[in-house]
Amino acid sequence: MNFSEVFKLSSLLCKFSPDGKYLASCAQYRLVVRDANTLQVLQLYTCLDQIQHAEWSADSRFILCAMYRRGLVQVWSLEQPEWHCRIDEGSAGLVASCWSPDGRHILNTTEFHLRITVWSLCTKSVSYIKYPKACQQGISFTRDGRYLALAERRDCKDHVSIFVCSDWQLLRHFDTETQDLAGIEWAPNGCVLAVWDTCLEYKVLLYSLDGRLLSAYCAYEWSLGVKSVAWSPSSQFLAVGSYDGKVRILNHVTWKMITEFGHPATVTNPRIVVYKEAEKNPQLALGRLAFPPPRAAACTASSTESKYEIASVPVSLQTLKPIADRANPKVGIGALAFSPDNYFLATRNDSVPNAVWIWDIQKLKLFVVLEQLSPVRSFQWDPQQPRLAICTGGNKVYLWSPAGCVSVQVPGEGDFQVLSLCWHFSGDSLALLSKDHFCLCFLETEERAGTAFGRPGDHT
Amino acid sequence: MGEWMTVTDPHLSSESKNICQYTSETKMSPSSLYSQQVLCSSIPLSKNVHSFFSAFCTEENIEQSISYLDQELTTFGFPSLYEESKGKDTKRELNIVAVLNCMNELLVLQRKNLLAQENVETQNLKLGSDMDHLQNCYAKLKEQLETSRREMIGLQERDRQLQCKNRNLHQLLKNEKDEVQKLQNIIASRATQYNHDMKRKEREYNKLKERLHQLVMNKKDKKIAMEVLNYVGRADGKRGSWRTGKTEARNEDEMYKILLNDYEYRQKQILMENAELKKVLQQMKKEMISLLSPQKQKPRERADDSTGTVISDAEEDAGELSRESMWDLSCETVREQLTNSIRKQWRILKSHVEKLDNQVSKVHLEGFNDEDVISRQDHEQETEKLELEIQQCKEMIKTQQQLLQQQLATACDDDTTSLLRDCYLLEEKERLKEEWSLFKEQKKNFEKERRSFTEAAIRLGLERKAFEEERASWLKQQFLNMTTFDHQNSENMKLFSAFSGSSDRDSLTVHSRPRQKKPHGVSNGSLVCASKLTKSLPASPSTSDFCQTRSCASEHSSISVLNITPEETKPNQVGGEGTSQKWSMASGPASQEGCYSGCSLTHTNSHVEKDDLP
């Protein structure tokens, strides 16, 4: 495993292009495009203000940079550096900007969710979509880029509109049986739309592409409901994480629940492997007990190396007692992701912040539990194989695969706190993002192990 | 008393005293004491009495006193003291007899009176004590009545208080209910109010949004614009098309196409899955049939056996289904046939397995009949029973625990009842504890028993092994014993064989049979031995070598095998090919005997090889 040198970064904006050739990173008002392998700077663009959002177009030819404070979007072309495009939303303001899947349209959401403006890069035409709903996840494109589902709110009722992306024509419009719709997401096959209600009510609705209600699922009533939703890459399963600390898996045939994954604080089954992160330096163990770790303690502690130990069952995981009288309590399944091959599901229970549960989807059983020393910030699956990268805000990155797991320290003199990470689509490299720096981590594959050292820009 | 004094004679007084004393002595009643006192007091006064008596009758007035007495007595109905006068003039004579009679009668009377008096006195006393007792009782009862009355009043008072309390509580409950109802109503109204407000707010918000929209968007905001250097081509390279009704229809078409594709894809997947499952079923069926086919002959022989017919049915089915065209048939028909045949096969397999199980158990039973040990089945049954019992006991304990807990829980509910019941509860607790410990002990015992059973089973296994070893050694011994005898016998045979090649074998079997009956009774695993024999034969060294070694062996250590002896003779006459035939024959009809010798054959074989090495 090799690490690149550290580059500047702001707002955690570092993205691989969809074709995997380039890496775009933002530092204040500058956008830097590098070669993903050599990390040579290919282009450098200067925006009008600090970039708050950056996104590659699907064909990797354009990058949009949004400056919400100014209501501005600037688009850059990789092939024609002199080409530029500036979209000003003016007094309407801007809160979100994204590409349409064809890479020729930009969808801008104005302030107060007044409307969504669809700007075209091909023609002068501008389309408006009124009444978009301000919610957690109100826009969803199908994976093939053909359709857009949009959550709307009209006359105090939730609606979903399905647009054809090629000409922005409304295909279907229907109201949903939700109190206060919170999110929508297409199944990867683009035929089923999952709609879930606000956390006050457990309700998951499944609509067909033509607007028919396929099924409605409600696990329980009178308690906080859905917190996170994820489709399996095969569209076969819909995993619904809720505030009761359980993940429910729905199947695509009957849309009924197949199984329920509870996240108990103690693991008793001896078949489950529990990897426990342990510090190699035992003297500093006391400094880690404080929770959340104070920054100073984290700094000193992060310099120590850590390793995984296999804990013998029964293992009791560190749990947080949620504060009941505050909004957004730290309970429930906050994050869940299927591995690209459908075999595993990784989840995080917010009341057990240090642990990542990995479930075997073939056997529908808990497979592995990883317990970190500090709360898990994020995790992401390798797009090519069942390999999970985890970061906890420390200077280490953790990798799990069915063969085992490792804890790798990010080298470098300064303290590098990994707050987020993203995989290259080939799974060969991994971008590690800290507050104002990023670096690349190249993972050795067998055939590349020999050449890895010869790579320019490597720094280990 | 005065009367008594007057009545009694002076000379009677001493007697009466005696009587009194006598009575006082016999019955120490208070009245007699009293009379004794009187008597005692009268003793010092006797002189006076005497003087008084003397005053009544003196020398001078005898006559008068007699007449007076007579008069008195006659008035009381006694006969006259005087003799019947013969004449009027004659002086009336005192009749002594009459006097004495009178006196006697008087005395008797006196005694009677005294007795009666005493009786009356005792009765009086008795009655007095009875009276006392009754009075006591009466007083007590009165007291009781008083206390109960007081108690009743107290209870009534308490009842009244409780009723009062109850009424209050009812009132409170009602109030609370009302409160709850009110709160619920409030909540509901608040919710509706909230929803209404929300809606209103949202509407206002929408209005505001609309207004804002108008304000922001409608006026020609120069700022809202896009500056592009030049427009780029579409990703697909085509030009954008105008929106028409056609495009709408096309979009619809495409959508349905996508949906259809998805459904088709899913259907295909399902079909594939189905086909695979069918394949698995088919394979399973085939395997079952092949598995069951070796048994086919036997059930067929038994024509009445139903399994035979079923198998033939299944075979027919298999024949039908093996045709590839069946795969393309619609699901229902194929499914029915397949499932039916599989079910049949399964039934057969099950019965077969059961039969096998029965056989095995039978063999086991036979095997263990001779030995006075518990069979495995029995052991298992016993352990099962014990386990069941343990289970029952556990359940009972659980229910009792539950009951106890329930009781405890209910005891907590009411203070007064708990107070009243506490003593019982304690008692019960004690009892339960005792029972609990008893049960625990029982459980322990059960466990101990179980352990001992398992130990016994282990021991049994060990014993069996030991037994087998013993048997082997015994067989060896036996065989060794026999070979010495056989050696001579075979020599005799050799002589015989010189005359006739085939008859010797028959005679040998005849000879050997009675000898081998005994060992056969012991060896149960005869089949294994037999197979060993047949297997070991082809692997044996070439016959000529074998014969040589055998003869060597017989010379060296006089070890020879029962069945080999004819062989030794045979190769000399017939040659190599004949031997194998012979062996098979030997193992065929007389396999039971062969087994025994087969064992020994392998044994000797090794011996021979060892001998050869140096």
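Letters A, B, ... are given to chains in the order of the sequence lines, protein chains preceding strands, and every chain is numbered from 1. FYI, side chains are in, hydrogens and waters are out, and symmetry mates aren't considered; it's all heavy atoms of this structure.
No part of Arg154(A) comes within reach of chain B, as not one of its non-hydrogen atoms sits under 4.5 angstrom from that chain. For a residue to count as touching a neighbouring chain, one of its non-hydrogen atoms must lie under 4.5 Å from one of that chain's; by this rule Tyr265(B) does not touch chain A. Heavy atoms of Asn189(A) lying under 4.5 Å from chain B belong exclusively to its side chain. For a residue to count as touching a neighbouring chain, one of its non-hydrogen atoms must lie under 4.5 Å from one of that chain's; by this rule Ser208(A) touches chain B with the side chain only. Only the side chain of Lys130(A) has a heavy atom closer than 4.5 Å to any heavy atom of chain B.
Among the candidates Lys199(B), Arg203(B), Met255(B), Arg266(B), the residue making the largest number of heavy-atom pairs closer than 4.5 Å to chain A is Met255(B). Note: Lys124(A) leads His105(A), Glu82(A), Lys124(A), Gln80(A) in heavy-atom pairs under 4.5 Å with chain B.
Residues that satisfy the side chain to side chain contact (heavy atoms under 4.5 Å, CB included) test with Glu387(B), not counting sequence neighbours, are Arg450(B). Remark: Phe237(A) engages no residue in a ring-ring contact (aromatic ring centres under 6.0 Å, His included) (not counting sequence neighbours).
Using the six-membered ring where Trp is involved, Trp186(A) and Tyr147(A) have ring planes that are tilted, between 30° and 60° apart. Aromatic ring orientation, Trp76(A) versus Tyr45(A): parallel (interplanar angle below 30°, classes split at 30° and 60°). Ring orientation note: the planes of Phe62(A) and Trp99(A) are tilted relative to one another, at an angle of 30° to 60°.
Using a distance-only test at 3.5 Å, with no hydrogens or angles considered, no donor-acceptor pair links the side chain of Asp158(A) to the main chain of Thr176(A).
Between Tyr207(A) and Phe174(A), the distance from one ring center to the other falls under 6.0 angstrom.
Interatomic distance, CG of Leu214(A) versus CG of Asp210(A), reported as 8.0 Å (0.5 Å rounding).
Scanning residues 186-198 of chain B against chain A with a 4.5 Å non-hydrogen threshold yields no residues.
Within the structure, salt bridge (Lys or Arg N to Asp or Glu O under 4.0 Å) pairs that include any residue of residues 389-401 of chain B do not occur (at least two apart or interchain).
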